[in-house]
Enquirer: 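Can you keep this structure in mind? I'll have questions shortly.
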Amino acid sequence: MARPVGSMTRVLTRPLTPPATAGEIFALIRDGVVDTRSDVMRVTGLSRTAVTTRLAALFASRLVVEDDDGPSTGGRPPSRLRFDTQAGVVLAAAVGRSRTQLAVCDLGGEVLAAEDVDQEPGVAPGDLLPEVAKRLDRLLEQAGRERSEVRGIGASIPGTVDFDRGASLDSPLMVGWDGVPLAPYLRDGLDVPVFVDNDVNVMALSERSGHLERHRDVLFVKASTGLGAGIVAGGVLQRGALGAAGELGHTKTPAAADLECRCGDTGCLEAVAGGWALVRDLRGQGREVGHVRHLVDLAVSGDAEARRLIRESGRRTGEVLAGAVNLLNPEAVVIGGDMARSYDSFVAGLRETLYGAATALSTRELVILPTTHGERSGVVGCASIVLEQVLSVDAVNRVVQA
């Protein structure tokens, strides 16, 4: 069985101090550190009565159940404590410039129902988000779940995000979205928390049920219409002072020279390596292509020029990414986004320049990997930012004390 999103297995060998709360015991169960009452007593140092009291509160919250199928060492088998991932759901909306991906996920981060919605570029939040809320309601029904089961909503948008306000801070691509809080639209009458983050950050967080289980220092590269990076250091997402960490696509590169970027500046990496630039170049050859997804379709079907363009995008990206690898010394670079479907072409170019431009030491054990969740990275990551909050120790303590 897959470990729930956000979990990191830990081995505790001494009692927690001060006396463990119900929220801390839940975290131990969720992370797979304990699965019997005896385990809880041993790890926390709590008495049997105290453990019983705290577990009763967790049973009442429905977050934990007890099954009579524990391993037997002779005699009656012990009951097994288990995090019930079906005790609620979270809603996820990964909003892009021309496509929005929606999902209903259980409390383990598993997608129960999903839908992709194409939209016209430049659509206003007041026009798009009410429709998103309606479609999420329909997905809930499709998944066989009720609105009362929703524990929270997670959303992502391109560009810099004010995480505390749940609004775009600076996104040249989403005109009219800056400063607009998304929560009032997405709640649609639900009394639940709403969390909003940058699109690449949530994709990086999707790897909590993937590469982050093994690697604690990761650079997640989204190669799509635009280019961005999510930075995870020591297992913690790094947003930066203003939430602007990871602006890979708007780093200057000599390869772009005086080329104008869609952000209005010149010389950005995106101007030569972003998906929109590849589409521009292919159209310049007289080819009919509307979006980077269409270009990737061509590459996957064997089109030589589409594959060449994607490989060249990887090369240009590797030239800039080498500096980040030297500075951060990650264990892994994870590739996601639309161009990840043509992974071999993109990574062939990336390896060529990244390993050539970065220091030998910083790349000695570096691995390059495809995203764990493929095209669902966005919605899985949106679910993850909710679960990280609503299933935290403090949040569970508040639930069981309510």
Side-chain angles (χ1 to χ4, degrees), residues 1-90 104-112 143-146 148-152 206-214 235 372-373 380 383-384 386-402:
M1 182 176 67
R3 189 181 307 157
V5 168
S7 65
M8 295 279 183
T9 298
R10 301 187 300 270
V11 178
L12 302 183
T13 57
R14 56 189 175 82
L16 298 173
T17 55
T21 64
E24 288 170 327
I25 292 174
F26 169 73
L28 294 174
I29 296 169
R30 184 186 180 209
D31 290 351
V33 177
V34 300
D35 65 0
T36 67
R37 292 175 183 246
S38 296
D39 285 345
V40 177
M41 292 168 58
R42 173 180 54 80
V43 171
T44 65
L46 292 172
S47 69
R48 183 177 299 276
T49 299
V51 168
T52 298
T53 300
R54 286 160 173 75
L55 286 177
L58 291 173
F59 295 153
S61 74
R62 297 174 45 236
L63 288 171
V64 174
V65 294
E66 195 167 27
D67 301 325
D68 293 327
D69 61 354
S72 175
T73 57
R76 182 180 178 182
S79 297
R80 184 172 65 88
L81 300 168
R82 175 175 56 84
F83 167 39
D84 187 2
T85 61
Q86 301 305 307
V89 294
V90 296
V104 177
C105 301
D106 67 18
L107 298 187
E110 294 294 324
V111 175
L112 304 178
R145 310 304 288 262
E146 302 291 335
S148 61
E149 297 180 79
V150 177
R151 301 274 183 135
S206 76
E207 295 298 334
R208 289 192 182 280
S209 57
H211 299 308
L212 285 172
E213 293 183 329
R214 179 176 179 183
T372 301
H373 301 286
V380 172
S384 182
V386 180
L387 297 173
E388 184 178 20
Q389 301 293 328
V390 302
L391 297 182
S392 68
V393 169
D394 289 343
V396 172
N397 281 335
R398 288 192 294 271
V399 168
V400 300
Q401 291 168 7

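Keep in mind that what you see is a predicted model, and the values were worked out from it rather than measured. Both backbone and side-chain heavy atoms feed into the values below; hydrogens, waters and symmetry mates do not.
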Enquirer: Please test R30 against L387 for side chain to side chain contact (heavy atoms under 4.5 Å, CB included), starting from the C-alpha separation and ending with a verdict.
Expert: CA-CA 12 Å; R30 184 186 180 209; L387 297 173; 4.1 Å; yes
Enquirer: Please confirm whether the backbone N or O of V65 pairs with a side-chain atom of D84, one donor and one acceptor, at under 3.5 Å?
Expert: no
Enquirer: Any side-chain donor-acceptor pair under 3.5 Å between Q389 and R151?
Expert: no
Enquirer: What are the two closest heavy atoms between G210 and T372, and how far apart are they?
Expert: CA-OG1, 3.5 Å
Enquirer: Measuring only between side-chain heavy atoms, which start at C-beta, is L58 closer than 4.5 Å to V396?
Expert: yes
Enquirer: Just by distance, do the side chain of H373 and the backbone of V380 share a donor-acceptor pair under 3.5 Å?
Expert: no
Enquirer: In Å and rounded to the nearest 0.5 Å, what is the CD1 to CZ distance from I29 to R80?
Expert: 11.0 Å
Enquirer: Of all the heavy-atom pairs spanning R82 and D67, show the shortest one and how long it is.
Expert: NE-OD2, 2.7 Å
Enquirer: Nearest 0.5 angstrom please: D39 CG to L81 CG, how far?
Expert: 8.0 Å
Enquirer: Using 0.5 Å steps for rounding, measure from the CD atom of Q401 to the OG atom of S61.
Expert: 12.0 Å
Enquirer: Heavy atoms only: give me the nearest A27-V393 pair and the separation to one decimal.
Expert: CB-CG2, 4.1 Å
Enquirer: Which heavy-atom pair separates F26 from L391 by the least distance, and what is that distance?
Expert: CE2-O, 3.8 Å
Enquirer: If you measure from CZ on R208 to OG on S384, what distance do you get to the nearest 0.5 Å?
Expert: 5.5 Å
Enquirer: Using the side chain to side chain contact (heavy atoms under 4.5 Å, CB included) rule, take T85 and E110 through it: C-alpha gap first, then chi angles, then the decisive distance, then the call.
Expert: CA-CA 9 Å; T85 61; E110 294 294 324; over 6 Å; no
Enquirer: If only atom types and distance count, is the side chain of D31 paired as donor or acceptor with the main-chain N or O of V33 below 3.5 Å?
Expert: no
Enquirer: If every non-hydrogen atom of A87 is compared with every non-hydrogen atom of R62, which pair is closest and at what distance?
Expert: CB-O, 3.1 Å
Enquirer: Do any N or O atoms from the side chain of Q86 and from the backbone of D106 form a donor-acceptor pair under 3.5 angstrom?
Expert: no
Enquirer: So V399 and V390, side chain to side chain contact (heavy atoms under 4.5 Å, CB included) or not? Walk me through it.
Expert: CA-CA 9 Å; V399 168; V390 302; over 6 Å; no
Enquirer: Hey, are the side chains of T44 and E24 touching, using non-hydrogen atoms and a 4.5 Å cut-off?
Expert: no
Enquirer: Can you confirm whether L55 sits close enough to I25 that some side-chain heavy atom of one is under 4.5 Å from a side-chain heavy atom of the other?
Expert: yes
Enquirer: So do R145 and V150 actually touch side chain to side chain, heavy atoms under 4.5 Å?
Expert: no
Enquirer: Considering all heavy atoms of both residues, which atom of A143 and which atom of V104 are nearest to each other, and what is their separation?
Expert: CB-CG1, 4.4 Å
Enquirer: Rounded to the nearest 0.5 Å, what's the gap from CZ on R48 to CE on M41? Could you check?
Expert: 4.5 Å
Enquirer: Under 3.5 Å, is there a donor-acceptor pair between the side chain of R54 and the main chain of L46?
Expert: no
